[in-house]
There are 2 protein chains.
Amino acid sequence: MDVARGEVLVISTSVACRSCQARHGVVCGALSAGQLSELGRHSLRRKVDAGCEIIAQGSENSFYSNITRGVVKLCKVMSDGRQQIVGLQFAPDFVGRPFVRESTLSAEAATDAEICVFPRNLLERMILETRELQRSLHAQALNELDAAREWMLTLGRRTAEEKVASLLHLIAAHAETATSTAFDLPLSRAEIADFLGLTIETVSRQLTRLRKEGVIRIENIRHITVPDMDALAKKISG
Amino acid sequence: MDVARGEVLVISTSVACRSCQARHGVVCGALSAGQLSELGRHSLRRKVDAGCEIIAQGSENSFYSNITRGVVKLCKVMSDGRQQIVGLQFAPDFVGRPFVRESTLSAEAATDAEICVFPRNLLERMILETRELQRSLHAQALNELDAAREWMLTLGRRTAEEKVASLLHLIAAHAETATSTAFDLPLSRAEIADFLGLTIETVSRQLTRLRKEGVIRIENIRHITVPDMDALAKKISG
DNA sequence: ACGGAGATTTGATCTGGATCAAATCGCAAT
DNA sequence: ATTGCGATTTGATCCAGATCAAATCTCCGT
């Protein structure tokens, strides 16, 4: 299986997909014990470092994954180098585009991550055979579509300050901590710029502006705390 | 059934969903004869005028539709009035967001259109019961997601001229004519601006610029011809 | 044909965010 | 600690597209 570079932790030849046991991925959560066993015999658990490309834009979709830890960014780049991040995915999301031969975007680990990798053919067969899997991937697709459309509003109609506040709000919502009042940014300034359709300088300026206004504290370059989440929300025009 | 304003052409009490017979909608194309019959007994064929709101943002999703003719725009508006068109749908697309109670966007006929309207509960039951319907709606959701992400790149990273060229290209691709070298714009300048994240003035200026460059001819306000489709495509950086 | 109102185009000016340039920071290797 | 280098911040200036303003154009109703 030709998958992304990265350390192979376990070749799952056990009866179930080991990668997803602890934290059910979208796929594995929808399968029967028998199917999990079959999938497990053909799946790989992979640890990927930040920056590792999981799927390359324009490459053949030869495998799919569940994210079991970390954050994955979906990115489109133009021939002249301009690029746009078109989605962020978190555990336990499914990564891939079923039923299309060539990927129109790249998927790259934004943080260190773990993914569970399945061969394309096997998964597509299971989708067609298994109503619950079809249902759960349909549900994820609809959720991603909602998120993409929400982000289209941000890209098309919000100001730079609103864009940055929207991103912080989005990250906070997916943060692991219960309070989510303090979190690590899974993205560099350049990646934030590519997500928001801005330049790194503008991102940096808007972050320091939010800091000076007391809406956020920048503990260090990758760590933010939000004293009052409502104050942040108020920066985003609904 | 509390549906959009518009003339009711046929109350389909026949054995099949009359609205979709001629030109299968996504839903009706996936149903067995028996299911079509049941759906037909509860569906309405509606003719809606341009501008007619089919679904209101924030309203309850109480029905779904197939488009059988015309173009429908999906729109999100902010409390201060800024708005963004987040999708265009053409026959035979399905319109609606299954499994979510409240709509996060509005759907409005961009041109005069015909839709076939089903009650929510019936359709959701059929989705859960019918693998082929689940499959075809999943496929549409994935296609819309691809389109939304492609548009995110346009919104975030393309210039005004590239944006306008992208829109013309998109419309041409969905035009009815075989050549698609001449087509009617289903959108006003204001709607184009809301789709592209621009102002109407900028849209107008870029259209006249493309005209002066000889890439398009503006036969009249709503009708465009493209002498050389490749010249248009070259305006869009890949 | 004649208003009239909204839609569109065109012109003049302004500005938010881009671009160009230069510190400064963070951190890994020595 | 020191060096070196990429990431980030900060500053100065520019410009694509917004905003403000005014013609035109379309098309409807009379």
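A quick note: this is a predicted structure, and the numbers were derived from the prediction, not measured. Residue numbers start from 1 in every chain, and the chains themselves are labelled A, B, ... in the order their sequence lines are given, proteins ahead of strands.
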May I have the distance from B:Arg222 (atom CZ) to C:dA7 (atom C1'), rounded to whole angstrom?
10 Å
What's the CD1-C1' distance between A:Ile218 and C:dG26, to the nearest Å?
15 Å
Of A:Glu201 and A:Arg158, the one whose closest nucleotide on DNA chain C sits nearer the 5' end is A:Arg158
By nearest-nucleotide position on DNA chain C, the 5'-leaning member of A:Arg209 and B:Arg211 is B:Arg211
Which pairs with one or both residues in residues 146-171 of chain A pass ring-ring contact (aromatic ring centres under 6.0 Å, His included), sequence neighbours excluded?
A:Trp151-A:Phe195
Where the side chain of B:Ile200 is concerned, which of C:dT19, C:dG17, C:dT8 is the nearest nucleotide?
C:dT8
In whole Å, what is the span from the CZ atom of A:Arg189 to the P atom of C:dT24?
19 Å
For chain A and DNA chain D, what are the first and last nucleotides along the strand, 5' to 3', with at least one atom under 4.0 angstrom from a heavy atom of the protein chain?
D:dT8 to D:dA12
Answer yes when A:Asp146 and B:Arg97 have at least one side-chain N-carboxylate O distance shorter than 4.0 Å, and no when they do not.
yes
Carboxylate-amine/guanidinium proximity below 4.0 Å for A:Arg157 and A:Glu162:
no
Taking all non-hydrogen atoms of both residues, which atom of B:Val117 and which atom of B:Ser65 are closest, and how far apart?
CG2-OG, 3.9 Å
From CZ of B:Arg82 across to C1' of C:dG16 the rounded distance in Å is 13 Å
Mind checking if A:Leu207 touches a base, just sugar-phosphate, or nothing, with heavy atoms under 4.0 Å?
nothing
Please tell me if B:Ser188 has a side-chain N or O lying less than 4.0 Å from either OP1 or OP2 of C:dA7.
no
Measure from CD on B:Glu219 to C1' on C:dT8 and round the result to the nearest Å.
17 Å
Rounded interatomic separation in angstrom, taking CG from A:Asn220 and C1' from C:dC25:
12 Å
Looking at A:Met229 and A:Ala172, what are the two nearest heavy atoms and their distance?
CE-CB, 3.8 Å
Whole angstrom is fine here: how far is it from CZ in B:Arg205 over to P in C:dT13?
13 Å
Under 4.0 Å between a side-chain nitrogen and a carboxylate oxygen: does that hold for A:Glu201 and A:Arg189?
no
Does the plane of the ring in B:Tyr64 sit parallel, tilted or perpendicular to the ring in B:Phe94? Use 30° and 60° as the thresholds.
tilted
